[in-house]
Protein chains: 2
Amino acid sequence: MRLIIAECSVTYTGRGDTILPRAARAILLKRDGAVSIHSDFGNKPLNYMGKGNVHSVSTDDEGATVWTFDTRKESIRIVLHDVMTDSDHLLAELEPGLARDGTEPQLQQWLSDNPQTFGVGWTTVRREFLTGAGPVDLLVLDDKGDPQAVEIKRIATAASIYQINRYVAALNEEVEEGDPAIAGIVAAVEFRPKTVELAAKFGVRLVTIPRALFMNVAPPVAPAAGSTSSSL
Amino acid sequence: MRLIIAECSVTYTGRGDTILPRAARAILLKRDGAVSIHSDFGNKPLNYMGKGNVHSVSTDDEGATVWTFDTRKESIRIVLHDVMTDSDHLLAELEPGLARDGTEPQLQQWLSDNPQTFGVGWTTVRREFLTGAGPVDLLVLDDKGDPQAVEIKRIATAASIYQINRYVAALNEEVEEGDPAIAGIVAAVEFRPKTVELAAKFGVRLVTIPRALFMNVAPPVAPAAGSTSSSL
DNA sequence: CTGTTCATCTCGTAA
DNA sequence: TTACGAGGTGAACAG
């Protein structure tokens, strides 16, 4: 990765049009051709362009170096008024990449393997059980052997309640006369506001699953003793 | 801005949980406390945290320096196995910030000032004209003096068509018997696929406005002759 | 302070 | 290639 610290001004045109007045900033040029211009505030770059661009170098009428990055649809023009540092660094050629933990698929798998979470004697029938309204995440049998439908989310919202309602309605349309109606459950690590009261209104049961139960890697330990800290 | 190039591994827990295996990466520490970890690919940081965190420094059991960044809800732990470079750079203390051009408000203003864009003799009645379905961007009179409703977007999508339809329907509910029905127009710089046929289906007129017409700053010139270029 | 909408959204995945 | 939905979405703005 090439890192440039420079007084620069930038114009971008493409999906939008922006102008960045002259100031000292950091410019990141990455191995895949991606370029981003960072100020000293915030995580998002002020301007950026992904890989797959053509990089041209020229000089403007005041003698400043000008970099342009072009794709078919976009263009960034960086005028380098004053380059303070320009360095190249060898990073990982094959970035291992970010591994997510505590994901919804993991939670699905864990609940499928641990149906007793919903109650003693409960068993799993099937994951991704197809209903007339689409596949419901999990179909389980309660301690009386009656089926219940489970919608699984990492974070449940009001939309999750409507979703399980659609599945339950579709399932109950096919229930035989006299058989007990299928009930709905939403299982999640976290429930957003308004979800709880909406669930109560529709008779949907909510089950909270602590993420520690189904994560592959244990959550990090507390900071070590004797550490120095600074707040901002 | 402090720039660190280092072999590092990272764990994050908060809104999600992620693990980043050991590899050489760039770490950006910004003036406002924001921190981001970049690989040599893509514009998005692998891990990041905004301002307003507490930064602690400690040492793990293998003697490696460990940085943690904590807020009430999130935590990043960076293990610095091998620091290759660590530099500090003075950037703009007051970032001028990104100025946008060719925005939707600009387009609204320009169309309000140039209703003849829709046809000879057309005039503007009002911007943000309130209907029973919310405010429509622009209400104009055509050359016959009949009102038409205009929805303005930088990029129009199918949703824009449904939106103008709601406004037009609300307006026509209040039209006197015998008066002509109000028609709908969508004006935009760009129309996404499916938008055109949907507009035809509902009888909505589409008007394309070249961005050069209403931009404050002219689009950048073509690359200078004699420039060197490299494609990726 | 929360909630809603916009973004040069980015990024994945399925059709 | 395009359309659709999720994101550790972030950021601006209204209530």
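Please read these numbers as outputs of a predicted model, since none were measured by experiment. Each chain gets a letter, A, B and so on, in the order its sequence line appears, and its residues count up from 1.
Nucleotide D:dG5 holds its P atom 12 Å from the CD atom of A:Q163, rounded to whole Å. Summarising the geometry, the separation between CZ on A:R154 and P on D:dG8 is reported as 8 Å, rounded to the nearest angstrom. To the nearest angstrom, P of C:dC6 lies 14 Å from CZ of B:R100. A straight line from CG of B:N53 to C1' of D:dG8 spans 14 Å, rounded to a whole angstrom. The nearest whole Å value for the distance from the NZ atom in B:K73 to the C1' atom in C:dT2 is 11 Å. Taking atom OH of residue A:Y12 and atom C1' of nucleotide C:dC9, one finds them 11 Å apart after rounding to whole Å. In this structure, the CD atom of B:E190 is 12 Å from the P atom of D:dT2, given to the nearest Å. Going from atom CD of B:E104 over to atom P of C:dT5 covers 14 Å, rounded to whole Å.
For the pair B:K153 and B:K44, both in contact range of DNA chain C, the more 5′-proximal nearest nucleotide belongs to B:K153. DNA chain D is contacted by both A:G42 and B:Y48; B:Y48 maps to the nucleotide lying nearer its 5′ end (nearest heavy atom per residue).
Put simply, CG on B:L91 and CG on A:D40 are 4.5 Å apart, with the number rounded to the nearest 0.5 Å. The distance from the OH atom of B:Y12 to the CG atom of A:L98 is 10.5 Å, given to the nearest 0.5 Å.
Residue A:I155 is out of contact with every strand shown, counting any heavy-atom pair closer than 4.0 Å. B:L98 comes within 4.0 angstrom of a base, heavy atoms only. Using a 4.0 Å heavy-atom distance criterion, B:E74 is classed as a base contact.
Counting all heavy atoms, side chain and backbone alike, A:I78 lies closest to A:C8 at CG2-CB, 4.0 Å.
The aromatic rings of A:W110 and A:F214 are tilted relative to each other, their planes meeting at an angle between 30° and 60°.
Of the P atoms belonging to D:dG8 and D:dC4, the separation is 22 Å, rounded to the nearest Å. Remark: the separation of the P atoms in C:dT8 and C:dT4 is 22 Å, to the nearest Å.
For A:N47 and C:dT8, a side-chain-to-base donor-acceptor distance below 3.5 Å is present, hydrogens and geometry of angles not being considered.
Applying the 4.0 Å criterion to OP1 and OP2 of D:dG10, one finds that B:R15 has a side-chain N or O inside that range.
Inter-residue side-chain proximity for A:V136 and A:V150 is flagged as unmet; no heavy-atom pair is nearer than 4.5 Å.
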